[in-house]
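Have a look at the structure below before the remarks.
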Amino acid sequence: MASAGPPPEAWQAEADIVVIGSGATGMTAAIVAREAGASVIVVEQEHDIGGHAITSGGNVPLGGGTRAQRKHGITDSPELLFRDLTDWSVVEPNGFPDYRYNDREIVRAFVDCNVETFDWLVAHGVVFVDKAPDAQGGNAVGNSAPREMHCAVSHWPMVQTGRPADPKEQASRSSGNGLMRPLEAAARQAGVRILLRHRMIGLYREAPTAGRVLGIAVDHAGTRLAIRARQAVIIGTGGSTGNVNFRRMVDPRLTEEYCGLAGMPWSDQDASGELAAMAIGASLWGMYNQVGEFGFNLTKPAAIGCRYGYQNLRWYPGSAVFDKAGSIGLPVRDWQDVITVNMLGQRFYAETGPGFTTNNYKSLDPYTQGSWRNANNVAFRPNNWLNAAMAGIGDGHNGGGPIWAVFDADAVRREEWVTEAPHVDRAGGFFFGADTLAELADKIAMRHQRVRMPPENLERTVARYNGFVESGVDEDVAKPRPLHKIATPPFFAAWATPVIHDTRMGLRIDAQCRVIDLAGQVIPGLYCGGESAGGFSQHGLARAICQGYVAGRDAVHRSGDASPATGSAD
Ligand SMILES: Cc1cc2nc3c(=O)[nH]c(=O)nc-3n(C[C@H](O)[C@H](O)[C@H](O)COP(=O)(O)OP(=O)(O)OC[C@H]3O[C@@H](n4cnc5c(N)ncnc54)[C@H](O)[C@@H]3O)c2cc1C
C-alpha cells in the first residue's frame with residue numbers, strides 16, 4: 001500500500017478523531033474520545049462491527065488489582081503484573097520465552113490502566129460472568145495471579161450462528177458478543193459515527209514522511225473518499241497475519257496455503273494499517289514475538305474438512321458470513337481416528353501430537369518471579385505437530401503445503417461425523433471422498449495442492465499404518481498405540497492444515513500509543529493499538545482494549561501535538 005498521496009483539495013467528511021477499525025481497539029478508542037468531547041468517525045471495512053473481537057471467546061485478562069480480583073480475595077497489583085509480563089525466566093516447554101522481548105514502556109502503560117479499563121468496560125455495559133477470575137482462555141497473561149475475566153454472551157444474535165445463545169447460558173457463557181455489542185451501543189449512544197463498508201486505503205500526511213497526519217483515504221463501494229482528522233487518526237486494524245507477503249517477512253514458511261485464518265471470514269488481518277503507516281514513515285517493532293513458538297500464533301486445526309478450522313470458532317448456516325465460510329467443519333474428538341498426510345500422501349508426525357503451549361497462571365508451578373529456578377519446572381519438549389506439518393515435501397518450496405486428515409467410514413461412525421454440506425466443504429476443495437484410496441488420492445485437487453498426490457503413496461502409507469495398528473507400534477512417527485485401521489470404504493481426505501491466528505508484532509508505538517517513525521520520532525497525529533501495534537507479546541483482547549483506551553484519551557487531550565517520544569531514550 002502506498003501513501004494516500006498529497007492532501008486533497010476537498011474532504012468528503014471530517015471529525016476531530018478518525019478511527020480505523022471497529023474491533024476491540026477501535027470501538028474503545030472511539031467511545032473514549034467521543035466522551036472526552038471530540039467528534040469521532042469510525043471506518044470499518046466489513047458489513048458489521050466487531051472484528052475478531054466479536055468472534056472471540058470474550059475472555060479478557062485484566063489484572064493489577066481489579067474490583068473482581070479484590071472481591072474474590074486475589075492479591076494483584078500493577079507492579080506484580082508488570083514484573084510477570086517482563087519476566088525473562090519464563091519459557092515454554094520448547095524453550096521459547098513468552099515475555100523476554102516485551103517493550104517495557106508499552107507493558108508499563110498497559111499495567112497502569114488495567115484497573116480503570118476494567119471499571120470502564122463495566123460502566124459501558126459489559127457484563128462479566130459472575131465468578132472469580134481464573135486462568136481459562138488467556139495466554140501470556142502472567143503467572144502470579146488469576147486474571148481472566150469472561151464477558152457474558154448476553155442476548156444479541158451471535159455472529160457464528162445468527163441466533164442468540166440459549167437463554168440459560170446468556171449470563172454464564174463467555175463470548176466476544178457480550179463485549180462488542182454493548183460497546184457498539186455505547187458508541188452509538190455517545191454519537192460516534194460508524195461508517196460500515198468503508199475501507200481505509202491510505203493515510204494523508206503534510207509531506208510524504210514529515211509533518212502531521214491529516215486524514216485518511218477510503219474506498220466505499222468503489223468510490224474513493226477523503227476523510228479529514230482534525231486532531232488524530234487511530235489505527236485499530238487488527239494485525240497482519242492474513243497478508244501473505246507481510247507475514248512472510250517474519251516467517252518465510254507462511255505461504256498461501258495457510259488460508260484459513262482464525263476470525264476470518266468475519267474480518268481479515270490484512271496488514272492495511274501497518275502498510276499505510278509504513279508508507280508515511282512508521283517503524284515496526286517487537287518482531288521476535290511473531291516467530292516465537294508459543295500461544296495461538298499458529299494452531300493445530302480442531303475441525304477438519306473446512307477452510308476455517310480454528311479450535312474456538314465454528315461457522316453455522318444462519319451466520320451472515322456462512323456463504324464465505326463454506327462449511328461448519330468436522331470437530332475432531334480423537335486424533336486416533338485419522339492419519340495426517342502431506343501433499344505426497346506421507347505421514348510426518350504423530351497425529352495425537354501437540355501444538356504450541358501457552359503461558360498463564362499456574363503454567364509454572366511453583367513459580368518464582370524472575371528466577372532462574374523456573375526453568376527447572378519446565379520439562380523440555382521441543383517437538384510438535386505444527387513444525388512437522390510446515391516442514392514441506394523437500395522440493396525447495398517454503399510452505400508445508402496442504403495437510404490432509406485421511407480416514408474411513410468406521411471413523412465417521414465413531415466420531416459421528418456427517419460428511420456432506422454444510423458440515424464439509426467439497427465445493428471449495430477442502431473435502432474429498434472415494435471408494436478406494438487410489439481414487440481418493442487422484443481426486444485431491446485444489447489450488448494449494450500444487451503437486452499430485454501419488455495414489456500408490458497413499459495406499460502404501462495406509463497399508464503401513466494398518467500394520468502398525470496390528471503390531472501396536474508406530475515405527476514411523478511413534479503415535480502412541482495406533483488404535484484403528486483405515487480399511488472400510490468409503491475413504492475421505494479432509495483439510496487439516498495449520499491455522500494462523502494472532503499478530504504479536506506491528507507498528508512501533510510509545511506509552512501513549514503514538515506511532516513512531518524509523519528515526520524514533522513521533523508521527524504527529526497518528527496512534528495505533530491492538531494487534532496492529534508491536535512490542536507486546538500477549539494474546540488478545542486486554543491489550544487491544546487498554547491501548548484503545550489510552551489512544552482515545554491521549555489523542556483528545558494532546559490534540560495531535562508532536563512532543564518527543566517518551567520511549568526514545570533507548
Ligand atoms: C476465534 C477467536 C477467539 C478469540 N478469543 C479470544 C479470547 O477469548 N480472549 C482474548 O483475549 N482474545 C481472543 N481473541 C483475540 C482477540 O479477538 C483479538 O486479539 C482482538 O480482537 C484484537 O483487537 P484489534 O482491535 O487489534 O482487532 P479486531 O478486533 O480484529 O478489529 C480490527 C477491525 O479493523 C477492521 N479493519 C481492518 N483493516 C481495515 C481497513 N483498512 N479499513 C477499515 N477497517 C479495517 C477489521 O475489519 C476489524 O473489524 C480471539 C480471536 C479469535 C479470532
Side-chain angles (χ1 to χ4, degrees), residues 1 18-30 41-62 136-141 147-151 159-160 174-176 178-180 183-184 194-203 216-220 227 234-243 261-277 295-296 299 302 308-315 358 499-504 506-507 528-533 536 538-548 551:
M1 186 182 287
V18 174
V19 177
I20 311 166
S22 67
T25 310
M27 200 62 94
T28 307
I41 290 177
V42 175
V43 296
E44 167 55 55
Q45 67 181 352
E46 302 297 341
H47 76 288
D48 199 349
I49 64 101
H52 281 194
I54 202 167
T55 73
S56 78
N59 307 297
V60 186
L62 286 169
Q136 287 157 26
N139 64 82
V141 303
R147 300 178 168 126
E148 202 72 26
M149 298 295 299
H150 308 277
C151 301
V159 297
Q160 294 86 342
S174 181
S175 164
L179 172 68
M180 293 312 297
L183 292 187
E184 179 192 10
I194 300 174
L195 303 178
L196 300 175
R197 295 194 171 93
H198 281 66
R199 172 173 165 73
M200 180 280 300
I201 52 172
L203 297 169
I216 66 173
V218 166
D219 176 89
H220 175 52
I227 302 180
I234 300 176
I235 297 172
T237 43
S240 55
T241 56
N243 182 315
L261 198 74
M264 277 181 83
W266 185 265
S267 63
D268 196 0
Q269 304 190 190
D270 61 6
S272 53
E274 290 83 337
L275 290 168
F296 298 159
T299 64
Y308 301 105
Y310 178 60
Q311 58 190 13
N312 295 326
L313 184 56
R314 230 24 24 92
W315 296 109
T358 66
V499 177
I500 304 180
H501 187 358
D502 279 294
T503 312
R504 295 200 188 195
L507 296 170
C528 180
E531 290 198 37
S532 284
F536 189 175
Q538 183 179 78
H539 169 69
L541 295 168
R543 75 177 159 115
I545 299 167
C546 285
Q547 291 179 343

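This one's a predicted model, so the numbers in the text were calculated from it and none came from an experiment. For the numbers below, each heavy atom of this structure counts, side chains included, while hydrogens, waters and symmetry mates do not. Ligands are counted one by one from 1 in listed order, and the atoms in each one are counted from 1 as well.
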Inset, instruction - Please could you name the atoms of ligand 1 that Gly263 approaches to less than 4.0 Å, counting only its heavy atoms? - result: 53 (C)
Inset, instruction - Report yes if the side chains of Ile545 and Leu183 come closer than 4.5 Å at any heavy-atom pair, otherwise no. - result: no
Inset, instruction - Answer yes or no for Gly58: is there a heavy-atom contact with ligand 1 below 4.0 Å? - result: yes
Inset, instruction - Decide whether an N or O pair under 3.5 Å exists between Ala544 and ligand 1. - result: no
Inset, instruction - Working to the nearest 0.5 Å, report the span between CD of Gln547 and OG of Ser532. - result: 10.5 Å
Legend entry - Polar atom proximity, Gly26 to ligand 1 (N or O, under 3.5 Å): no
Inset, instruction - Calculate, to the nearest 0.5 Å, the distance between atoms CE and OG1 belonging to Met180 and Thr28 respectively. - result: 6.5 Å
Inset, instruction - Check each of His47, Met27, Glu44 against atom 47 (O) of ligand 1 and report the one with the nearest heavy atom. - result: Glu44
Inset, instruction - Could you say whether the N/O atoms of Leu541 and ligand 1 ever approach to under 3.5 Å? - result: yes
Inset, instruction - State the atoms of ligand 1, each with its element, that fall below the 4.0 Å cut-off from a heavy-atom position in Gly236. - result: 31 (O), 32 (C), 33 (C), 34 (O)
Legend entry - Atom indices of ligand 1 within 4.0 angstrom of Tyr310 heavy atoms, with elements: 1 (C), 2 (C)
Inset, instruction - Could you tell me which atoms of ligand 1, counted from 1 in the order shown, lie closer than 4.0 angstrom to a heavy atom of Gly530? - result: 26 (O)
Inset, instruction - Look only at the side chain of His52 and the backbone of Ser267, and say whether a donor-acceptor pair between them is shorter than 3.5 Å. - result: yes
Inset, instruction - Answer yes or no: is there a side-chain heavy-atom contact under 4.5 Å between Thr241 and Glu531? - result: no
Legend entry - Option nearest atom 42 (N) of ligand 1 (shortest heavy-atom distance, choices His501, Met200, Met180, His52): Met200
Inset, instruction - Classify the contact between Ser56 and ligand 1 as side chain, backbone, both or neither, using a heavy-atom distance cut-off of under 4.0 Å. - result: both
Inset, instruction - Check each of Gln311, Gln45, Gln136 against atom 43 (C) of ligand 1 and report the one with the nearest heavy atom. - result: Gln45
Inset, instruction - Using a 4.0 Å heavy-atom threshold (strictly under), name the region of Ile54 that reaches ligand 1: side chain, backbone, both or neither. - result: neither
Inset, instruction - Give a yes or no answer on whether the side chain of Trp266 reaches the backbone of Gln160 with a donor-acceptor pair at less than 3.5 Å. - result: no
Legend entry - Heteroatom distance test (Val60, ligand 1): nitrogen or oxygen, under 3.5 angstrom: no
Legend entry - Option passing side-chain contact (heavy atoms from CB on, under 4.5 Å) with Arg197 (candidates His220, Glu46, Gln45): His220
Inset, instruction - Determine whether the side chains of Ser272 and Thr237 contain a donor N or O and an acceptor N or O closer than 3.5 Å. - result: no
Inset, instruction - Check each atom of ligand 1 against the heavy atoms of Gly238 and keep those under 4.0 Å away; list them by number with element. - result: 24 (P), 26 (O), 27 (O), 32 (C)
Legend entry - Nitrogen or oxygen atoms of His539 and ligand 1 under 3.5 Å apart: yes
Legend entry - Contact check: Glu531 vs ligand 1, nitrogen or oxygen atoms, below 3.5 angstrom: yes
Legend entry - Any N or O of Thr25 closer than 3.5 Å to N or O of ligand 1: yes
Legend entry - Pairwise distance CD1(Ile235) to CG(Leu203) - rounded to 0.5 angstrom: 5.5 Å
Inset, instruction - Below 4.0 angstrom from a heavy atom of Ala262, which ligand 1 atoms are there? Numbered from 1 as shown, please. - result: 53 (C)
Legend entry - N/O separation below 3.5 Å, Asn59 to ligand 1: yes
Legend entry - Pairing residues for Thr503 by the side-chain hydrogen bond (donor to acceptor under 3.5 Å, both in side chains) criterion, not counting sequence neighbours: Gln269
Legend entry - NZ/NE/NH1/NH2 to OD/OE distance under 4.0 Å, Arg199 and Asp268: no
Inset, instruction - Output the list of atoms in ligand 1 that are nearer than 4.0 Å to some heavy atom of Glu46, sorted by atom number. - result: 47 (O)
Inset, instruction - Indicate yes or no for a side-chain donor-acceptor contact from Ser22 to the backbone of Gly50 under 3.5 Å, with no hydrogens or angles considered. - result: yes
Inset, instruction - Look at ligand 1 and say whether Gly273 reaches it with a heavy atom at a distance under 4.0 Å. - result: no
Legend entry - Separation between OG1 of Thr299 and CD of Gln311, rounded to the nearest 0.5 Å: 5.5 Å
Inset, instruction - For residues Tyr310 and Leu261, determine if any side-chain heavy atom of one lies less than 4.5 Å from a side-chain heavy atom of the other. - result: no
Legend entry - Test item, Arg543 contacting ligand 1 (heavy atom, 4.0 angstrom): no
Legend entry - ligand 1 contact by Val43, heavy-atom criterion under 4.0 angstrom: yes
Inset, instruction - Have a look at ligand 1 and work out which part of Leu313, if any, has a heavy atom under 4.0 Å from it: side chain, backbone, both or neither. - result: side chain
Legend entry - Per-atom contacts, ligand 1 versus Gly51 - under 4.0 Å to a heavy atom: 30 (O), 31 (O), 48 (C), 49 (O)
Legend entry - Pairwise distance CD1(Ile41) to CD1(Ile194) - rounded to 0.5 angstrom: 11.5 Å
Inset, instruction - Compute the shortest N/O to N/O distance between Glu148 and ligand 1 and return yes if it is under 3.5 Å, no if not. - result: no
Inset, instruction - Have a look at ligand 1 and work out which part of Ser272, if any, has a heavy atom under 4.0 Å from it: side chain, backbone, both or neither. - result: side chain
Legend entry - Min side-chain heavy-atom separation Phe296-Val499 under 4.5 Å: no
